[in-house]
Amino acid sequence: MEALYQLSYSPAIADPTRPTWPVSEVRSYQLCPLQQPHRQPNVEPFRGTGCVPWRPMGSDTSPTSTPASTSPANNQADENVGSTAALPTFRYDAALAAQIETRWQDLWEANGTFNAPNPAGPLADASAVADRPKLFVLDMFPYPSGKGLHVGHPLGYIGTDVFGRYKRMKGFNVLHALGYDSFGLPAEQHAINTGVHPRVNTEENVTNMRRQLRRLGLAHDERRSVATTDEDFYRWTQWVFLEIFNSWYDTDADRARPISELITAFETGEQPTPHGRAWAELSAAEQNTVVDDHRLAYLSEAPVNWCPGLGTILANEEVTAEGRSDIGNYPVFKRNMKQWMLRITAYADRLLDDLDALEWPEAIKIMQRNWIGRSTGATVRFGTSAGDVAVFTTRPDTLFGATFVVLSPEHPLVAELTTADQRSAVDAYVAKAAATDDQDRADDTREKTGVFTGASATNPINGEQIPVWIADYVLMGYGTGAIMAVPCGDQRDFEFATKFGLAIPPIQQPPASWYAEHGIEPTLDTAVWPVAYVGDAPYINSSNTDSSDEGLDLDGITSVAEGKERTNAWLAAQGAGESAITYRLRDWLFSRQRYWGEPFPIVYDADGRPHAVPDHLLPVTLPELEDFRPTAMDPNDDVTDPIPPLARATEWLDVELDLGNGPATYRREINVMPQWAGSCWYELRYLDPTNTEAFVDPEVEKYWMGPKHEGHSGGVDLYVGGVEHAVLHLLYSRFWHKVLFDLGHVSSFEPFYRLFNQGYIQAYAFRDERGQTVEASEVIDTDGVYTHDGEVVAREYGKMGKSLKNIVTPDEMYDEYGADTFRLYEMAMGPLDASRPWNTRDVVGMQRFLQRVWRNMVDEDSGASRVIDAEPSDALRRELHKTISGVDDDMANMRFNTAISKLIELNNALTPETQKLGGTPHEIASAMAIMLSPLAPHMGEELWSRLGNDATVTFEPFPTFDPALLVSDTVTLIVQVNGKVRDRLEVPADISEADAEAAALASAAVQQHTGGNPPKKVIVRLPKLVNIVA
RNA sequence: GUCGAAGUGGCGGAAUUGGCAGACGCGCUGGCCUAAGGAGCCAGUGUCCGAAAGGACGUGGGGGUUCGAGUCCCCCCUUCGACACCA
C-alpha cells in the first residue's frame, strides 16, 4: 500500500558551509498514495487525516504540528482505492502538493534554512558572512488585519521571496524577514467594541497571518520577525523619539546635533540667542524655553479637527463636507491644540536633494518632490498702517504689476487693518471662511470670493498705494499667508481682479503666437484678454528709474530668470525684501489621543515643562485599562481639551522620579504616537532583533546597510511595496533615518536605496439592478452574460476587497492548487510592477505546468524516479543553455513572468525527448530543479532531493550556461520586400553580406513581389535581415 | 486643471537595441485515449477573402521620420493613479 522511495545519495557536498539535511530526516519519509478527492464527488477532500504527510520520522517534537498532521491513524485512503483505481496514484495535484509543501516547510523551519548570519552579535556566524556579498531585501510590513490575507496581499512578498531565493543561488547572504505593523486604529476599535484588550486581538491576527504566510513557503528568517507592539520593539521606538527630542538642527553644519551641544554653543556665544541677549543673562526658565524651541521634537499649538461629541481629533477624511463627524454626525471644530510636532521641515532640502542618490521609480521621486514643494522666490514687504505685511512670491520680477494685496482670512493683521466701514463685511467673510471645509476652499472650480478691508498698502517698487483684500484662496499655512496680486501674470489673480473690477495693468508684451492661440488681436488692453499671460516675454512698464538713481529697469528684458535676479538684488539693497525659499512641507503632527500606540517617554514637571524619561526606565509600557474609549463630551463644547484614554490610568499617570534635581512627582504624557512611528525604523530592528544594549549594533547595521562606495547612500538593497506609501511613510522614515545618521547611529544616510512598487491585484465585481454588489464567486458567466441567482448582473472592475465582495483568499488557492501553483500564477500573471486582474480560472495553467514537470521526473503510477543517466540531444542541450541564460537575466531584473515562460518552453521541449528516451536526462532534471526552485520552492526541493541530494537546493549555485551553445550554425534570414516579410531562408550564421543579398534576390517569393525588376536598394543587416526596396 | 502611468487576439500578457507582431498561459475547436472525463496526450486557434495554395489588413485614432515603427516625433481620444487655488 505505501510506496517507499528508494533514494540514492551522492557523496556529501564538499562545501562545509552548505547546510545539509539531517540524514535521518531525509531518508525516512514516505509518501502517502492518496487518491484524488476532487474526482470523487462523495468523498471528503483531503485534509491530511489519511496518513502522516511526509514529515520527518522521529521528529515528533516538530514545532509546527499543523492540524493536517495531528491524527496519524484512521487511514481513509484504503477505503477509497477501489473507486478510483484508474487514476495515477502520484499525480501532482493539490493533495500531493500539500504533502510536499508542508514537509519542506517543516524541514526549513527545523533547520533554520533561511536564517541569515550577522557579522557580530547573537545571530553571528562570521565565517558564513566573510566572503559573500549581502542582500537586504524588504517588504513593506503588513498591518495584522482581522480579515486575514486575500490573494492581493502576497504579490509583493512572493516577488521578494523569488528574488531573494535567486540571489542565494548567486552566492549572496540574503536577509529577508517580515514583521508586523501592529499598533493602530482597527485593533483599538475592536477593543472598544468588545472590551477585550487590543493586544489579545492583535496577537490572534498575527498568528493567523503567520499561518497563511508560512503556507506560502516564504524564505524568511523568522528570528527577525518583530512586531511594533512588542515591548522589546517599542522600547527602541521610544528611544529613537528621545534621540529626536534631544537634538536640534544646526543649519550651518546642516545636520542634527545633540541638544547638549546647543547649550554649550549658547554658553560660549558661538550660537547667538534668538533675542540677542547673552545666555547668562537669561533666567533658567527663559533658557529652557529657548532650548525647547530648538528641539526636533517640540510642543506646539497646531490646528486640529476637534470633535467633542466623540472626544477625539479626526483626520480630514473623517470629516464630512458639512463639517461634521463621519461617525455619529457630531459637530467638528477647527481649533488649535498643544501637540507634539517633529521638525521634518529642517530636513526639507536634504529630503529633496538626496532623492537623486536613490534608485527609485521616477514617478515616486516626483511625488515626493511635489509634496516637499520647494519654491524659490522672494519675500517682499508692503507697508501698511498696521506695519509691514510680508508676502511670498515666486515672481518678484512682476512687482511692477502688483495692483492689490490679498491676505488669508486667518492673517493676524486682518482685524487691525480693517476700516470701520468694512468691519461687518470682513467679520462676516472671516466667519464664513472659518466654517468652510478645507476641501471646499481648495476647490479651484469654485468662483473667487473676497472682501475689501478698506486699507491700503505701499508697493515698495513704485510707492503706489494699492488696496488690501481678503480671500479664502490664500492659505495661512503656506508662505506668509499673504500674497501680492499680479493679475496680468497670474490666472487666479486675473480672475479675482476681473470679478471685483480691479486694475490689470500689463507688464509683459505677450508674443503674437499667444494672441493667435486665444483668437484675439494683439493688444495691451487687458480687458480684452481672456486669461493672464504667464511666461517669458519682454517686460514693459517695469521701470522706476525716474524716481531714483538707484532704480530698477527691467523694460525690454526677455528672461524671467534675469528679471527675478535683478529684482531680488534691488529689493535687498532697499531693505524691502530678500530672496526666500518656501516649502509646502509642514512639520509633522505627532500626537494621537488614542490608546493603542506607543506611549511617549515624556513626563511633565510641575511647571508643565516636558522631560525625557531616563533610558534605564524604558520602555514606558502601556498601562492596562478596562475601557479604551476616548472621553466623549457635550458635542458643542469646543473649549474643553480632549481627555485621551491614558488619562484614566490613574495609578500610572503620576510618577516619582529624580531627574537630577532631587525626587519629584511628574505627570506622564497621555497622548500616544501615531501608527507611523514603528514603521519609521523597523527595518533596522530586523538586523539585530534581540539586542538589549542598542537598537542595532553599528557593526551589524554597517554590514547590511552601509554605503557600498563613496557617495552611495547605503540602505536596504531592495524595498518592495505599494505605491500608496509614496509620500507619507517613505518621507517620515527617511526623516527618522537621517536624524539617526546625523547623530552617528547609522552609517547609511538613506533607509531604502532601491524602491520597487508592485502593482495591485484587481478583480471583477458584479452589481445587480439595484446597484448592490453581489458575491463575485457566485456569479455565473454564460458567454459573456453574467447572472447571479438567475438575475442578470453588471460586471465592473476594481481593487480586490470586502466592499466589492470579490475576495479570493490564499487558503482557497492552497486547498485547490497548492502553494507552488499559487506562487507561480501570481508571478506569471504579468510584470510585478503592473496591476493585473485576478482570474481564478487561469490558475490551473500553472498547476498543469508543474504536473508536466513532475511527470517528466516521477512516474505517476509508481512514484519512482524517471530521471536517467542519459545524454540529452544536442538540440535539447542548446535549449537548456538558452533557457539558463534567459532565466538568469529575467530573474536578475525581476521579470519573473517571462522567466516562467522560458521554463515552460524548456519543459515543453523536454517532454517528447523524455518520452523517447523513457526518462529525463539527469543534466536537464538537475538544472530544471534548481531554476524552478526560486519560483516553486517546494517542488524545487522535492525534485532536488529525488535527484539524490541530501542538502537543500537553497544554496545550490544557479546553473551557468556555455555561450558557445547559444550560437547555432545556421540562422533564419528574414527577407523583406519594401519592409514586408516575403521569405525566410536558413543560411549559415557567418554568411557574408554579398551572399545574403544574392540569396535574398534569388528567392522565388522575392522574384514574384519585385516582378523581376532590379531592386532600387538593398539593406542587409547581418545575420538576420535583408530588405529589398523595389 | 496639472503631473504620472498605460492602451497589443475572446482574456492575462510577450516582443530587452527601430528589424519575423501575438512567446507563454487561459479559453475555444478538432482528434487520440477511455465504460466514463472536470484527467492526460496530439493538432489548430489575430481578422477578413479563399476548398487550398496564397493574399489583404492588423498593436486606441490621425499625421510624420525611416529601407523598415507596437517601439521614435507631433496632435487627439480613452482608462487608471496621484496631486490640486502652493502665491
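Chain naming here is simple, since letters A, B, ... match the order of the sequence lines and numbering starts at 1 in each. All values below were derived from every heavy atom in this structure, side-chain atoms included, with hydrogens, water molecules and symmetry-related copies excluded.
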- Query: Base, sugar-phosphate, or nothing: which does A:L1025 touch, judged by heavy atoms less than 4.0 Å apart?
  - Reply: base
- Does the side chain of A:K1017 get closer than 4.0 angstrom to OP1 or OP2 of B:C67 through an N or O atom? yes
Protein-nucleic acid N or O pairs under 3.5 Å, nucleotides 26-33 of chain B:
| residue | atom | partner | partner atom | Å |
| --- | --- | --- | --- | --- |
| B:C26 | OP1 | A:R848 | NH1 | 2.7 |
| B:C26 | O2' | A:R841 | NE | 3.4 |
| B:C26 | O2' | A:D842 | OD1 | 2.4 |
| B:G27 | OP2 | A:R848 | NH1 | 3.2 |

- So what's B:G40 paired with, Watson-Crick or G-U wobble, going by both distances under 3.5 Å? B:C32
- Message: Restricting to salt bridge (Lys or Arg N to Asp or Glu O under 4.0 Å), what partner residues turn up for A:R878, sequence neighbours left out?
- Response: none
- Task: List for me each residue that meets salt bridge (Lys or Arg N to Asp or Glu O under 4.0 Å) alongside A:D890, sequence neighbours excluded, and say none if there are none.
- Result: A:R895, A:K902
- Message: For a quick check of understanding: with a heavy-atom distance under 4.0 Å over all strands, which category does A:R586 fall into, base, sugar-phosphate or nothing?
- Response: nothing
Provide a list of protein-nucleic acid N or O atom pairs under 3.5 angstrom, restricted to nucleotides 3-6 of chain B.
none

- Task: Please list, chain by chain and in numerical order, all residues satisfying side chain to side chain donor-acceptor pair (under 3.5 Å) with A:N459, sequence neighbours excluded.
- Result: none
- Message: Once side chain to side chain contact (heavy atoms under 4.5 Å, CB included) is applied, do any residues pair with A:T394, and if so which ones, sequence neighbours excluded?
- Response: A:S375, A:F392
- Item | With sequence neighbours excluded, residues passing side chain to side chain donor-acceptor pair (under 3.5 Å) with A:S579 | none
- Item | Pairs flagged by salt bridge (Lys or Arg N to Asp or Glu O under 4.0 Å) wherever residues 395-408 of chain A is involved - sequence neighbours left out | A:R395-A:D397
- In whole angstrom, give me the gap between the P atoms of B:G61 and B:U78. 15 Å
- Which part of the nucleic acid, if any, lies within reach of A:Q915 when heavy atoms closer than 4.0 Å are counted: base, sugar-phosphate only, or nothing? nothing
- Message: Once you measure the plane-to-plane angle for A:W854 and A:Y92, does it fall in the parallel (<30°), tilted (30-60°) or perpendicular (>60°) bin?
- Response: tilted
- With A:E362, which residues qualify under salt bridge (Lys or Arg N to Asp or Glu O under 4.0 Å), at least two apart? A:R369
